[in-house]
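Worksheet: the structure to be examined is printed underneath.
Values below: every heavy atom of this structure, side chains too, minus hydrogens, waters and symmetry copies.
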Amino acid sequence: MSLIRSHHEVPTRLGRSPSRHAVPPAAPSPRAASAGRRRPKRLLGVLGSALAVSSMLLVTACTGTGTNNGVTVVHAGDGDNDGLHGTVPAQQLAKPALNLTDTDGNPFDLRERTKGKITLMFFGYTHCPDVCPTTMADISAALTEVKPDVRQQIAVVFVTTDPDRDTGPVLSRWLKQFNTTFIGVRGTFDRIRTQAEALGVPLEQPEVQADGSVLVTHGSQVIAFSRDDRIRALYLAGTGVQAYIDDLPKLTAERSGPEAR
């Protein structure tokens, strides 16, 4: 898996640095994050994976400078996404077991824990100052707007890309800011990277810089799995709350993926 950074990219820097790259304030509440969000600056890169759709270009980096940096997508496909706001991949890979652990340290099998549900999965980390909290906040806000019977059929799984700092308690507390039903998952970095890249999500080892800050680069797509445990759609960074509100009822109405509509 190769990740090509543009010369405009400013990577995430977190930790003890007293500069503007230092650890940002605590993640905003879901309401605040959805309400006055600053949208990311345009960056460009290439994702070469089985999930690439037509000529889709995807930047996968979380930026922690406090500026309007982030992720963007240029899609040159035919625009036919089965009536969904999400991008439907040409190859609908199977939902993995993951075989990681939950925030209580118990073995976590993704297929078993989310069986029969529409599953939204995201790879990110709790110190992320922009893409990760806003994505979780948007999904949470959408879940409060859809009907209860739709909401009950959705599982949201957040896999940390920074397991050394995202301990079980840290990950659990962070996710509860957004929604108490969100599931946090962790494990060794090598295992997480293997699982992420198998799904087409680029992920790089967190790097401690000379000033003590930490650089983290990760893919930022939300992967939606259908009831038949196949990837149904990808929701790229910048997807708004309304897009999720529109699509979640459609996804839950499908019995077993697009062929059963």
Heavy-atom nearest pair, E254 first then R227, reads O-NE, 3.2 Å
Hits for salt bridge (Lys or Arg N to Asp or Glu O under 4.0 Å) against R230, two or more places apart or cross-chain, chain-then-number order -> none
What verdict does the side chain to side chain contact (heavy atoms under 4.5 Å, CB included) test give for R165 and V170, after you've listed the backbone C-alpha separation in whole Å, the side-chain angles of each residue and the deciding distance to 0.1 Å?
CA-CA 8 Å; R165 291 187 295 174; V170 168; over 6 Å; no
Classify the angle between the aromatic ring planes of F178 and W174 as parallel (below 30°), tilted (30 to 60°) or perpendicular (above 60°).
perpendicular
Could you report the tightest heavy-atom contact between Q92 and V88, atom names first, then the distance?
NE2-CG1, 4.0 Å
Using the rule given for side chain to side chain contact (heavy atoms under 4.5 Å, CB included), can you reason through L248 versus L143, listing the C-alpha separation, both sets of side-chain angles and the distance that settles it, and then say yes or no?
CA-CA 9 Å; L248 292 180; L143 289 173; 3.8 Å; yes
Okay, side chain of N179, backbone of T181: is any donor-acceptor separation there less than 3.5 Å?
yes
Is the shortest side-chain N to carboxylate O distance from R232 to D82 below 4.0 Å?
yes
Can you see whether S213 engages D211 through a side-chain donor-acceptor pair at a distance of less than 3.5 angstrom?
yes
Does the pair T114 and M121 meet the rule for a side chain to side chain contact (heavy atoms under 4.5 Å, CB included), with working shown?
CA-CA 11 Å; T114 61; M121 187 166 69; over 6 Å; no
Main-chain N/O of D130 paired to T134 side chain as donor or acceptor, under 3.5 Å
yes
Separation between CG of L98 and OG1 of T101, rounded to the nearest 0.5 Å:
10.5 Å
Specify the closest pair of heavy atoms between D247 and H85, including all atoms of both residues, with the distance to one decimal.
OD2-N, 2.7 Å
Nearest-0.5 Å distance, OG of residue S226 to CG of residue L251
8.5 Å
I would like to know whether F158 and L171 meet side chain to side chain contact (heavy atoms under 4.5 Å, CB included); could you show each step before the answer?
CA-CA 9 Å; F158 184 97; L171 187 54; 3.7 Å; yes
Report the distance from atom CZ of R186 to atom CD1 of I192, rounding to the nearest 0.5 Å.
7.5 Å
Is there a side-chain contact between I139 and Y235 (heavy atoms, below 4.5 Å)?
no
Here the gap from R151 atom CZ to T252 atom OG1, rounded to the nearest 0.5 Å, amounts to 12.0 Å
Does any N or O in the side chain of T180 come within less than 3.5 Å of the main-chain N or O of K176, such that one atom is a donor and the other an acceptor?
no
Given 3.5 Å as the limit, does a donor-acceptor pair link the side chain of D162 with the main chain of D166, or not?
no
Pairwise distance CG(D109) to CG(N99) - rounded to 0.5 angstrom:
6.0 Å
Looking at side-chain heavy atoms only, is the closest gap between R113 and I183 below 4.5 Å?
yes
Working to the nearest 0.5 Å, report the span between CG of D138 and OH of Y244.
7.0 Å
Check: S172 side chain, G168 main-chain N or O, donor-acceptor pair, under 3.5 Å
no
Students often mix this up, so state it plainly: with edges at 30° and 60°, are the rings of F122 and H218 parallel, tilted or perpendicular?
perpendicular
Under 4.5 Å between any side-chain heavy atoms of V185 and L110, yes or no?
no
Could you check whether any side-chain heavy atom of Q177 comes within less than 4.5 Å of a side-chain heavy atom of M136, counting everything from C-beta outward?
no
Applying side chain to side chain donor-acceptor pair (under 3.5 Å), name anything that partners Q242, two or more places apart in sequence or on another chain.
D246
Given 3.5 Å as the limit, does a donor-acceptor pair link the side chain of T161 with the main chain of G124, or not?
yes
Counting N and O atoms only, with roles assigned by atom type, does the side chain of T188 sit under 3.5 Å from a partner on the main chain of R191, one being a donor and the other an acceptor?
yes
Between P96 and Q195 the two heavy atoms that sit nearest each other are CB-OE1, 3.6 Å
Taking the side chain as everything from C-beta on, heavy atoms only, tell me whether F225 gets closer than 4.5 Å to L199.
yes
For a quick test of reading the model, state the closest non-hydrogen atom pair linking A233 to P89 and the distance between them.
CA-CD, 4.0 Å
Closest approach of I154 to V150 (non-hydrogen atoms, all atoms of both residues):
CG1-O, 3.3 Å
